[in-house]
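We count residues from 1, following the sequence as given.
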Amino acid sequence: TLVSAHDGVEAQDYLLAAPTRYHAVLLDLMMPRMTGMEVLRDMKAHPILMHIPVIIQTAASSPDDVSEGLAAGAHYYLTKPFEKADLLAILTTAIRDRQAYLAVQQELASAARTLQLLHNGTFRFRTMTEARELASLLAHAYPDPSRVVTGLLELLANAVEHGNLAITYEDKSRLLEAGELDDEIERRLNDPVYGTRHAVATFVRHGESIYLSVIDEGSGFDWRPYLNLDAQRAFDTHGRGIATARMISFDTLEYHGPGNHVEAVVRIPRNTDALPRAA
């Protein structure tokens, strides 16, 4: 269902009136009364709207303009004029990401509060479904589940998708454009070359920090370009998950070895009772 707004103020009114209604926002930068960048910044300051994927459409595509949008929290970019196929590919990816987030949030709401008692544990997983379920479970062991759940989902899914199944950045771009990513994941899970591989997540609560280590059986990758939001990838349908996890979900995020081992740390506030719970 498509809802249109004539300017930035009307768009913001719609969003604030029903913040849980929308799966994606296609935002023009140049709008009367309130610019797209102002709408974007207000969305990112809202506890619910901040998680909605925002696609910016603009005629300005200089590196500085793109960097400003990414820093403000945009997920995707479309430069005018654009092809219908490009719009649909990016919209499909944005809605897919939103639906995955909402599914995990629902599971979070029903998770037992006793997960706060978890001090250490090792978990072995193989499929994307297992990665999503484990992200939901582990998130509830943190003081603020809604903050970490997106980052957990990203790290665990990457261990399966890019690590064990060896789906490269270029592969994923092509598969998303063709709408064949899920089919390819399933095919590789049934391929003896990849299907027997497992990833291991280790959770440790120590002192005033929570440590999560994720190791997969893949050959690794060059993680350095993905630690920060990069204007050169702003027009791609994916590629921002690690940087977003590092900026929002965790206090520190480090890769080790060839790139098949990542460690994320969250510091535990002294007064955890005052923190918000997942809704």
Side-chain angles (χ1 to χ4, degrees), residues 23 47-48 50-53 75 93-165 167 172 181-182 185-186 189 197-205 209-218 223 226 238-255 260-266 268 275-279:
H23 287 73
I48 298 175
M50 67 181 297
H51 297 292
I52 300 177
H75 290 71
T93 303
I95 292 170
R96 172 196 177 99
D97 291 346
R98 178 64 174 164
Q99 288 174 329
Y101 171 81
L102 291 175
V104 172
Q105 283 293 89
Q106 280 189 319
E107 294 170 7
L108 271 178
S110 62
R113 189 178 178 89
T114 53
L115 261 293
Q116 285 286 320
L117 303 176
L118 180 66
H119 272 252
N120 59 74
T122 299
F123 305 86
R124 196 165 176 259
F125 58 102
R126 188 181 71 89
T127 68
M128 292 294 283
T129 298
E130 291 171 347
R132 285 190 289 267
E133 291 174 348
L134 181 56
S136 174
L137 178 77
L138 286 178
H140 221 72
Y142 287 80
D144 187 357
S146 60
R147 172 197 172 194
V148 300
V149 64
T150 302
L152 291 172
L153 183 60
E154 178 69 24
L155 298 186
L156 298 178
N158 276 349
V160 175
E161 186 179 272
H162 298 302
N164 289 344
L165 301 185
I167 296 176
K172 187 170 183 177
L181 178 60
D182 290 337
I185 288 173
E186 191 62 28
L189 285 171
R197 296 177 176 178
H198 287 78
V200 175
T202 303
F203 175 99
V204 176
R205 188 191 305 268
S209 297
I210 295 176
Y211 301 85
L212 180 75
S213 169
V214 182
I215 302 175
D216 62 65
E217 297 184 52
W223 69 88
Y226 301 98
H238 64 106
R240 287 158 288 275
I242 292 174
T244 302
R246 178 171 172 259
M247 294 169 60
I248 297 176
S249 295
F250 306 114
D251 293 309
T252 63
L253 181 70
E254 294 183 358
Y255 279 85
N260 64 342
H261 178 197
V262 62
E263 184 176 69
V265 180
V266 170
I268 304 172
L275 287 171
R277 304 297 304 166

Report yes if some heavy atom in the side chain of [X] is under 4.5 Å from a heavy atom in the side chain of [Y]; otherwise report no.
X	Y	answer
N260	W223	no
V204	I210	no
R98	I52	yes
E161	I185	yes
V200	T122	yes
T202	F123	no

So which heavy atom on [X] is nearest to which on [Y], and how close?
X	Y	answer
L152	A135	CD1-O, 3.8 Å
A131	V160	CB-CG2, 4.3 Å
G163	R197	O-NH1, 3.9 Å
A199	N164	N-ND2, 3.4 Å
P143	P145	O-CD, 3.6 Å
A139	V149	CB-CB, 4.0 Å

Open item on the list: Please tell me whether H51 and Y101 form a close aromatic pair, meaning their ring centres lie under 6.0 Å apart.
Closed with: yes
Can you tell me how far [atom2] of [Y] sits from [atom1] of [X], rounded to the nearest 0.5 angstrom?
X	Y	atom1	atom2	answer
Y255	I242	OH	CD1	3.5 Å
T93	L181	OG1	CG	9.0 Å
L212	Y142	CG	OH	4.5 Å
F250	L155	CZ	CG	4.5 Å
R205	L118	CZ	CG	6.5 Å
H162	Y226	NE2	OH	8.0 Å

Open item on the list: Do the side chains of D216 and R126 get close enough for a salt bridge, i.e. N-O under 4.0 angstrom?
Closed with: no
Open item on the list: Closer than 4.0 angstrom, basic N to acidic O: yes or no for R147 and D251?
Closed with: yes
TODO: Evaluate the side chain to side chain contact (heavy atoms under 4.5 Å, CB included) criterion for residues L153 and R132: first the C-alpha distance (whole Å), next the side-chain angles of each, then the deciding distance (0.1 Å), finally the verdict.
DONE: CA-CA 6 Å; L153 183 60; R132 285 190 289 267; 3.4 Å; yes
Task: Trace of the side chain to side chain contact (heavy atoms under 4.5 Å, CB included) decision for L134 with S136 - done: CA-CA 5 Å; L134 181 56; S136 174; over 6 Å; no
Task: E217 side chain vs H198 backbone, donor-acceptor pair below 3.5 Å - done: yes
- [ ] For T127, enumerate each residue passing the side chain to side chain contact (heavy atoms under 4.5 Å, CB included) test, keeping only those at least two apart in sequence or located in another chain.
- [x] T129, E130, L189
TODO: Output, in order, the C-alpha distance, side-chain angles, deciding distance and verdict of side chain to side chain contact (heavy atoms under 4.5 Å, CB included) for L102 and H23.
DONE: CA-CA 9 Å; L102 291 175; H23 287 73; 3.9 Å; yes
